[in-house]
Amino acid sequence: MGDAGAEALAVGLRSNATLKELNLLENYVGDAGASALREGLRHNSSLSCCILQCNRVHEATIVADLEAWLASKHIRIPVACLDASGPRV
C-alpha cells in the first residue's frame, strides 16, 4: 500500500460511515501516509478498531497524535500498535 495508498484511503475515510475495523498491518505506511490517515480519521465516526503495527512511521508527533485521537474516540488499538521507538509502526 505505502504512503500513496494510505493517502487515497484517507480521502475515503473522511466520508465513510460504515467501516468498523481498519487493518493496515505491514503495509509500508510511512510518515506521509500516517499523517494523511490521521487527518482522514478525524472525520470518521464509525471506526472501532485500527491496526497500524509493523509499518514505517518514525515521526513521534504523528504517532502521538494518532494514539491520542484513537484513544479519545475509544477506538481499540492492539497492544504495541503505535510505537515511535523504531520501524515497527
Side-chain angles (χ1 to χ4, degrees):
M1 170 179 278
D3 286 336
E7 290 167 358
L9 178 61
V11 172
L13 287 172
R14 290 176 178 265
S15 59
N16 181 282
T18 58
L19 184 68
K20 301 293 183 203
E21 294 187 11
L22 179 61
N23 184 344
L24 296 177
L25 177 71
E26 297 180 350
N27 272 274
Y28 302 98
V29 176
D31 292 340
S35 182
L37 286 170
R38 173 182 59 189
E39 295 307 312
L41 286 170
R42 286 187 176 153
H43 301 279
N44 183 283
S45 61
S46 63
L47 200 64
S48 62
C49 179
C50 187
I51 302 170
L52 296 169
Q53 65 192 114
C54 300
N55 280 288
R56 297 180 174 183
V57 181
H58 297 287
E59 177 59 48
T61 304
I62 297 170
V63 174
D65 285 352
L66 272 168
E67 192 174 46
W69 183 86
L70 293 168
S72 76
K73 298 294 183 182
H74 306 286
I75 296 173
R76 187 170 55 88
I77 308 167
V79 174
C81 184
L82 296 171
D83 177 13
S85 64
R88 287 190 43 85
V89 179

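All residue numbers in this chain count up from 1 along the given sequence.
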Quick one: pull up [atom1] in [X] and [atom2] in [Y] and give me the separation to the nearest 0.5 Å.
X: Thr18; Y: Lys20; atom1: OG1; atom2: NZ; value: 7.5 Å
X: Asp31; Y: Thr61; atom1: CG; atom2: OG1; value: 9.5 Å
X: Leu22; Y: Ser48; atom1: CG; atom2: OG; value: 10.5 Å
X: Leu13; Y: Arg38; atom1: CG; atom2: CZ; value: 14.0 Å

Legend entry - Working for side-chain contact (heavy atoms from CB on, under 4.5 Å), residues Val57 and Leu66: CA-CA 11 Å; Val57 181; Leu66 272 168; 5.9 Å; no

Under a 3.5 Å distance rule, please check whether [X] uses its side chain to pair with a backbone N or O of [Y] as donor and acceptor.
X: Asn16; Y: Asn44; answer: no
X: Asn27; Y: Leu25; answer: yes
X: Ser35; Y: Ala32; answer: no

Between [X] and [Y], which heavy-atom pair has the shortest distance, and what is it?
X: Tyr28; Y: Arg56; value: CE2-NH2, 3.0 Å
X: Asp3; Y: Gly30; value: OD1-N, 2.6 Å
X: Glu7; Y: Ala36; value: CG-CB, 3.6 Å

Inset, instruction - Begin from the C-alpha positions of Ile75 and Leu41 and carry the test side-chain contact (heavy atoms from CB on, under 4.5 Å) through to its verdict. - result: CA-CA 11 Å; Ile75 296 173; Leu41 286 170; 5.9 Å; no

Legend entry - Verify same cluster id: Leu19, Trp69 (apolar side-chain graph, 4.5 Å):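 Linked within one cluster.
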
Legend entry - side-chain contact (heavy atoms from CB on, under 4.5 Å) between Leu52 and Val29, worked out: CA-CA 9 Å; Leu52 296 169; Val29 176; over 6 Å; no

